[in-house]
Structure formats: structure tokens, C-alpha cells
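For reference, the structure is listed below as C-alpha cells.
In what follows, chains carry the letters A, B, and so on, assigned in the order in which the sequence lines appear, proteins first and then strands, with residues in each chain numbered from 1. As the structure is a computational prediction, the values presented were derived from the model and not from experiment.
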Amino acid sequence: MLKISNLSVSVENKLIINNLDLEIDEGKKVAVMGPNGSGKSTLSNVISGKPGYDIKEGSIEFEDTDILKVDPEERATMGIFMAFQYPVEIPGIANSSFLRTAINSIRKKNNIDPVNTRIFLEEINQIASKLGLDKSFLSRDMNAGFSGGEKKKNEILQLLLLKPKLCVLDEIDSGLDIDSLKVISKGISEYSNKKNSMLIITHYQRLLDHVIPDEVHIFNNGKIVESGDHNLVKILEEKGYKEFS
Amino acid sequence: MRTSDDTTKLVEEASRYKYGFTTNIEQDLAPKGLNKDIVRFISQKKNEPKWLLEWRLKAFETLEKRKDNLPTWANLKYDKIDFQDIHYYAAPKSEDDKPKSLDEVDPELLRAYDKLGIPLKEQEFLAGVKNSHKVAVDAVFDSVSVATTFKSELSKLGIIFCSFSEAVATHPDLVKKYLGTVVPVNDNYFSTLNSAVFSDGSFVYIPPGVRCPMELSTYFRINAANTGQFERTLIIADKNSYVSYLEGCTAPMRDENQLHAAVVELVALENAEIKYSTVQNWYPGDKNGKGGIYNFVTKRGICQEAHSKISWTQVETGSAVTWKYPSVILKGDYSSGEFYSVALSHNCQQADTGTKMIHIGKNTSSRIVSKGISAGRGQQTYRGLVSILPKADNTKNFTQCDSLLIGNDCGAHTVPYIDVRNKSSDVAHEASTSKISEEQLFFCLQRGITEEDATALIVNGFCREVFKSLPMEFAVEAKKLLELSLEGAVG
Ligand SMILES: Nc1ncnc2c1ncn2[C@@H]1O[C@H](COP(=O)(O)OP(=O)(O)O)[C@@H](O)[C@H]1O
Ligand SMILES: [Mg+2]
């Protein structure tokens with residue numbers, strides 16, 4: 001589904017991703033773990049097309065299309081979703097209208113009629129209650145004044161509504177209490193299936209106790225320094241990142 | 001990153017003004033120029049009584065004394081206006097045999113309104129529209145009010161809603177009693193000019209205890225080349241009454257600048273409430289600043305008696321130059337004034353707009369919410385005065401004044417004057433300036449929303465508090481208008 005080859009990215013003349021190769025097959029959950037400042041968010045942003053990065057070398061293919069030249073909104077339409085490490089606030093716009101604008105934008109580009117209002121409301125209410133969110137959550141301003149946990153849950157809410165093929169989760173577990181972590185993990189696990197793929201970016205192992213990855217890569221200084229299966233998480237936990245560089 | 005080429009293209013598309021058509025109706029035009037004879041010509045054309053002609057002539061004398069002393073304090077740059085190069089009166093030819101109902105209105109004119117999307121015909125309102133959402137329309141085409149709908153239903157309640165000229169003929173006492181009492185003839189250059197040459201406008205009187213059952217609405221449209229439009233509107237809400245009034249404006253695309261200098265006066269008596277909403281999208285000029293309307297408007301209301309309330313809401317997206325400060329004089333004790341404003345300056349548009357809240361009575365309160373949006377090379381100034389006079393005990397004012405910048409070549413300025421002469425008052429002012437952040441924009445893009453839709457979304461969010469105070473139908477129109485005016489603003 002996603003194939004990153006020989007990717008080098010710099011920001012302000014500083015090389016942040018260095019000759020990275022990473023492949024995620026359909027139906028797979030791949031974890032990338034790395035210390036702060038190792039370039040994890042940069043990787044997520046480059047996959048989803050955030051402007052401002054200097055791509056020095058390499059390619060990113062999504063379902064066999066080179067997407068580096070594709071606009072971010074187009075990538076979203078193709079089925080790439082990124083859960084933001086720091087979700088953005090949009091004052092004055094109700095959460096539900098934002099969601100509706102998003103889903104209808106994607107439907108429009110795929111030549112599908114706008115979503116039926118009643119069905120849409122039913123669906124988001126259902127997702128919200130699954131995530132333990134009160135109904136009023138949907139009429140509050142988009143992320144404005146939300147707690148850290150609510151913002152993260154809102155990212156998952158959007159994911160579950162937009163049903164992407166590739167989910168890039170950038171530290172979805174940071175700043176969550178245990179209960180929220182469980183709810184979010186459950187949402188992710190239930191969504192995961194043979195047709196979609198997950199890139200789970202995290203700093204800690206605790207999320208990976210709930211969402212079991214198929215592959216684990218340790219990321220440092222912009223490249224993968226160690227790869228393995230779920231057991232690597234345990235080893236990392238014992239040794240710390242210092243052992244891997 | 002978008003290329004600047006794309007941006008240029010988007011801006012070009014955006015500058016196609018949606019309402020830029022002209023209508024070929026034979027015009028009954030006054031010769032160009034401004035002098036006593038022209039004033040007499042206008043008055044005669046309208047069969048005005050002698051007292052009004054004299055009132056106009058006195059205003060003209062005041063104007064002559066003013067010489068060319070236009071207000072210079074505003075943050076606006078525009079070419080000198082040649083007041084002798086303007087036609088001060090233009091009426092559609094068919095005015096001679098005045099239409100008595102819509103059936104008699106020049107079909108070309110009705111087609112013009114259709115093109116504007118104005119639901120003028122009564123049956124359109126009656127079909128499928130709930131009572132509470134009825135809108136009575138008084139349409140001002142250039143200078144003459146052509147048709148008023150719903151008149152009979154309103155008159156059953158004793159409500160008078162007609163063109164200003166008609167009110168002069170049918171209710172001279174009311175007109176005489178209030179004309180020029182809120183905006184004095186010599187208030188400023190443009191109010192003096194308007195008093196001498198005003199053409200037509202709307203007149204509303206709501207009798208005591210009556211709640212006007214529908215929105216009253218006027219659509220203004222400037223059509224003829226080189227005509228200035230000088231409407232005069234007077235709204236009186238008698239004791240314990242309520243009225244909501246809507247004003248919508250458009251103007252066709254022309255290379256030259258056209259002058260527009262209206263005067264609107266509102267009078268609220270005891271416990272009465274007037275809600276006045278404007279959506280203004282006069283032609284803003286092209287992207288290089290050629291053409292467009294010069295909009296110099298004096299709007300003021302007086303809360304004459306206790307517990308009265310006046311609320312101004314404006315959405316200003318058009319005009320090349322906007323000079324406008326809808327104000328409230330809070331004379332009655334416990335009266336309150338509100339000003340909600342969204343103003344957009346795109347391309348080369350300039351807006352210097354705001355409000356004045358003059359607290360005279362005790363326990364008066366006012367609330368100001370101003371949202372300024374600048375894009376392209378647009379310049380925007382909020383100018384506001386909150387004045388608390390010595391006897392105004394326990395008054396409250398809250399002002400919030402936010403600016404949003406889109407791009408790097410535009411500007412936002414805030415000039416709040418606060419003059420407090422009573423120690424018991426409570427005045428609060430909040431201001432902010434922000435840019436649409438890259439982060440917000442990218443967040444929307446990542447969810448599949450296009451850059452234009454994302455901008456519209458963020459701007460709508462920014463304006464929400466003001467849109468909320470607009471009547472429903474108007475809020476929808478205002479949102480659309482803002483989106484239209486913002487096309488191509490991001491790159
Ligand atoms: N826009 C930027 N400008 C300058 N430096 C940046 C920018 N974005 C990221 N960096 C730098 O790149 C490195 C990697 O950052 P990031 O991808 O956010 O790491 P992580 O998500 O792994 O904590 C850090 O040293 C950070 O300071
Ligand atoms: Mg990060």
C-alpha cells in the first residue's frame with residue numbers, strides 16, 4: 001500500500017530524514033518508534049503532503065502512484081489519513097459541520113453525492129458514543145478548548161468517519177490517561193482490517209500493548225536502525241533508545 | 001506549495017463580479033451638476049411639498065458653506081470626487097406613470113431583480129414560506145422606490161412601510177417630526193449633501209405595541225452610469241414595538257467610481273426595539289482598483305426613551321471605499337445599543353468602518369463586535385467611539401474587535417476611542433489580530449477540504465458571532481457572499 005524508497009528530507013538545510021526505506025503492505029500494522037526529535041512527525045507530514053519540506057531524494061508511492069507531487073487534499077481523497085500529534089483548533093466552526101465538510105469534500109472528488117444529513121448524524125453520534133464522547137461534543141467548536149484527550153479522540157472520530165485506507169497515527173497515545181488510551185486503542189483495533197494499513201508512530205510502548213503491530217521499526221536520526229516483530233518493543237523498553245543509534 | 005501563477009489565476013476568476021450586469025432601461029436623468037436648480041429639479045420631479053423643498057435648499061446652503069471640506073480623518077485614499085460631474089437624479093422612465101402594482105412594473109426591471117435573485121413577487125413569498133419568515137420588499141432601483149409588497153397585510157396592523165417619497169405625501173407629519181433629528185443636516189459633508197439631493201429610500205413606522213410580523217427589506221441597486229445614489233431612510237418604532245429591517249445592496253460593474261451617500265435614521269421610543277441588518281456588496285472595483293463604489297454612509301439611531309434597543313448588524317463585502325459608522329445614541333435610561341460587523345477588504349478595497357455608542361442615559365449598555373478581514377492588498381480600519389457622559393451612571397460597554405489577515409500585502413488597523421466621564425461605568429475592550437495559520441489550513445487540506453473551502457470555513461468561523469445575529473435567510477446569503485468575495489484570496 002505504501003512504499004517509501006530512499007527518502008531524504010531536510011528543513012532549513014537540516015537533514016531530518018536520511019535515506020529512509022519503509023514499506024507497509026495492505027492489511028498490516030507497522031509501528032515506528034523513536035525518541036523525541038528523531039523525525040517522526042516530519043515523516044508523517046511528508047507522507048500526508050504538508051508544505052515546507054525539502055524533499056532531497058527518493059519517492060513515496062501509495063498504491064503504486066508516486067504521491068510526492070500530489071496535493072495534500074488529493075492524498076486525503078486517495079485514502080491517506082493522518083492523526084495529528086497536535087490537532088488544530090478552528091474557532092467558530094462546530095465539530096459536526098467540520099466533519100460534514102470533510103466527508104462531503106472527499107465524496108465530491110470521488111463523484112459521490114453529499115451524505116444524507118440524517119444518516120450522517122446517526123453515524124457520528126454512534127462513533128462519538130463508542131469513543132465515550134457526549135453528544136454535545138459534536139456541537140462544540142472544532143477542537144477549541146478541548147482537553148488533550150478529547151482532541152485525540154476527535155482524531156479517531158474523524159478516522160472512523162472518513163474510513164481511510166492508510167492511517168498515519170502520529171503519537172496518538174501522547175497525553176492520554178489509561179481509560180482514554182484503552183478507548184482509542186479499541187477504536188483503532190476495530191477499524192484495522194485486511195484492506196487497510198496503519199503506520200503507528202509512537203514514543204512509548206504502552207499503545208502497542210493494546211494494538212499489536214505486525215512489524216516494529218526503531219527510528220533514530222531520520223532512519224531505521226533496527227527492525228523486528230512485536231518482541232522488539234519489549235527489548236526497547238528494557239534497553240532504551242540509547243542502545244539503538 | 002502553490003505557485004504564484006495559480007494564485008494569479010484564482011484572483012482573476014474571483015474578480016469577475018457576479019452582479020456585474022447593467023439593465024437597459026431608459027433613464028429619466030437630471031443634468032450633471034450640483035446647484036440650487038438641481039435641488040429644485042429633484043424636488044419637483046417628486047412633487048414634494050414646499051416645506052421639504054425649503055429644507056433641501058437650506059441643506060444646500062449649508063453645503064456651500066462647507067466648501068469642499070470632506071472628512072479627512074479616515075484611513076482612506078481615493079481620487080478627489082468631482083461633485084459637479086454627477087447626475088443627482090435618475091429614475092427609470094416608467095416612473096412617469098407610476099406602477100400601482102407589480103404587474104405594472106417594467107418587466108425589464110423585474111428581470112433585473114430576478115437576475116439579482118431578489119424574490120420580489122408576492123406569490124414567491126406566499127408559496128411555501130412560513131409566516132414568521134415573510135419578507136416585505138421595498139426595492140430602490142437607482143433613485144426611485146418601485147414596488148412595495150405586503151403593504152396591505154402590514155397596513156392592517158397600522159404599520160407604514162413605503163418609499164420615503166410616498167411617506168412625504170401620505171404621512172407628512174411623521175416625516176416632518178423626525179427627519180434630520182437623528183442625523184442633523186450639518187452632521188458631516190455627506191449628510192449635508194444627502195439632505196440637499198436625496199432621492200428616495202424607505203420609510204417605516206411601527207405603531208405602539210405592534211410587533212412587526214415579518215422582516216422588512218429594501219434592496220438597493222445602482223444602475224445608471226455616473227449617478228450618485230442618495231437614499232434617505234427613516235424608521236420609527238413607537239412605544240413597545242419591534243421591527244427587523246434588512247437592507248441588501250448591489251451595483252453593476254463600471255470602470256468609473258460611483259458615489260453613494262445614504263443617510264439612515266432610526267428612532268426607538270419607550271421599550272421599542274429596532275434591528276437593522278445590512279448586507280452590502282456594491283461593486284468593489286477590479287483587482288487593480290479600477291472602478292467600484294465610493295460608499296459614504298451616515299447611519300445613526302437614537303434610543304429616545306427608556307428600555308429601548310437598537311441593534312446594527314452589517315456585512316460589508318463590497319465597495320471600493322467604505323466610510324461607515326452606524327451608531328447609537330443611548331438617551332433613554334436602560335436603553336441598549338449593539339453593533340455587529342463583518343467587513344471584508346480584498347484586492348484594492350479600503351474600508352474605514354466602526355461605530356459610535358453615545359451613552360447619555362443611566363444604566364445604558366452597549367456591545368460592539370467587529371470582525372475585519374483583509375485579503376490581497378485590502379486595507380481595513382476599525383474606528384469606534386465609546387462615549388460615556390457624566391450623567392450616565394452604571395453604564396456598560398463591551399467591545400471586541402478582531403482582525404483576520406489573509407496573505408502578506410493587506411493591512412488591519414484598530415482605532416478605538418474611549419471617552420469615559422462617569423466613574424460608575426464599566427468599559428471593556430478586547431482586540432486581536434490573527435492570520436489564517438498554515439497549521440489550520442493544512443489540517444483542513446489533510447481532511448480532504450480544498451484550500452478555498454478551508455479558507456471559507458475558517459473565515460466563517462471567525463465571523464460566526466456576527467452571522468448569528470443576522471436573520472436566518474440573510475445569514476445564509478452573507479456566508480455565500482463572503483465565500484464569493486474571498487475566492488482566490490489564498491495562495
Ligand atoms: N519546520 C521546522 N523548522 C525547523 N526545524 C524543524 C521543523 N520541523 C521539524 N524540525 C526539526 O526536525 C527534527 C525532527 O522533528 P520532528 O519530526 O517533529 O520529530 P519527532 O516528531 O520525532 O519528535 C527536530 O530537530 C525539529 O526541531
Ligand atoms: Mg512528533
Side-chain angles (χ1 to χ4, degrees), chain A residues 44-45 47-55 69-95 97-110 112 141-144 151 154-155 157-159 161-164 167-168 170, chain B residues 1-7 10 315 340 342 369-373 400 402-404 406 430 432-470 475-476 478-480 482-483 490-491:
Chain A
S44 321
N45 288 336
I47 293 171
S48 48
K50 186 172 182 180
Y53 294 96
D54 185 8
I55 314 288
K69 291 228 157 54
V70 177
D71 285 340
E73 64 270 33
E74 197 59 39
R75 295 189 207 189
T77 308
M78 292 164 81
I80 298 176
F81 179 93
M82 170 167 100
F84 284 62
Q85 182 177 356
Y86 303 109
V88 178
E89 302 187 356
I90 307 180
I93 293 299
N95 209 357
S97 15
F98 179 86
L99 294 170
R100 185 146 59 158
T101 309
I103 195 165
N104 283 338
S105 302
I106 291 178
R107 288 169 76 106
K108 189 175 170 191
K109 287 213 202 82
N110 288 324
I112 307 171
D141 284 6
M142 179 71 191
N143 286 336
K151 283 184 183 171
N154 203 18
E155 293 294 283
L157 192 153
Q158 292 164 65
L159 183 151
L161 177 76
L162 299 176
K163 302 180 184 63
C167 311
V168 180
D170 188 4
Chain B
M1 279 287 183
R2 302 297 155 113
T3 63
S4 55
D5 281 2
D6 281 349
T7 313
L10 285 170
V315 176
Y340 290 97
V342 164
V369 178
S370 160
K371 304 279 181 176
I373 303 152
Q400 182 171 342
D402 299 322
S403 310
L404 185 69
I406 304 173
E430 286 174 15
S432 77
T433 300
S434 53
K435 287 189 97 170
I436 290 190
S437 76
E438 300 272 325
E439 299 296 327
Q440 281 178 325
L441 216 46
F442 176 63
F443 186 77
C444 295
L445 295 177
Q446 210 301 306
R447 297 299 184 251
I449 302 169
T450 63
E451 199 162 352
E452 293 217 332
D453 288 351
T455 307
L457 196 75
I458 295 163
V459 170
N460 273 326
F462 175 75
C463 300
R464 185 163 76 174
E465 211 184 330
V466 175
F467 286 170
K468 262 195 323 206
S469 71
L470 281 171
V476 174
K479 252 173 94 166
K480 277 198 223 138
L482 203 64
E483 281 161 26
V490 243

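- Contact of B/Arg464 with chain A is made through the side chain alone, with heavy-atom distances under 4.5 Å.
- For A/Leu162, the part lying under 4.5 angstrom from a heavy atom of chain B is the side chain only.
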Practice prompt. Assess whether side-chain contact (heavy atoms from CB on, under 4.5 Å) is satisfied between A/Asn154 and A/Gln158, documenting all intermediate values.
Written response: CA-CA 6 Å; A/Asn154 203 18; A/Gln158 292 164 65; 3.8 Å; yes

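- When heavy atoms are compared at a cutoff of 4.5 Å, A/Asp141 approaches chain B solely by way of its side chain, counted from C-beta outward.
- Heavy atoms of A/Lys109 lying under 4.5 Å from chain B belong exclusively to its side chain.
- Two rings, from B/Phe442 and A/Phe84, have their centers less than 6.0 Å apart.
- Within a 6.0 Å sphere centred on OH of A/Tyr53, heavy atoms belonging to other residues, nucleotides or ligands number more than 12.
- In this structure, chain B has a heavy atom under 4.5 Å from the side chain of A/Met142, while its backbone stays farther away.
- In this structure, the portion of B/Phe462 lying under 4.5 Å from any heavy atom of chain A is its backbone and not its side chain.
- Contact of A/Glu89 with chain B is made through the backbone alone, with heavy-atom distances under 4.5 Å.
- The side chain to side chain contact (heavy atoms under 4.5 Å, CB included) with B/Gln440 is formed by just one residue from the set B/Leu457, B/Ile458, B/Thr455; it is B/Ile458.
- Smallest separation of non-hydrogen atoms from B/Cys444 and B/Ala454: CB-CB, 3.5 Å.
- For A/Asn143, the part lying under 4.5 angstrom from a heavy atom of chain B is the side chain only.
- For B/Val466 against B/Lys371, the heavy-atom pair with the smallest separation is CG2-CG, 3.9 Å.
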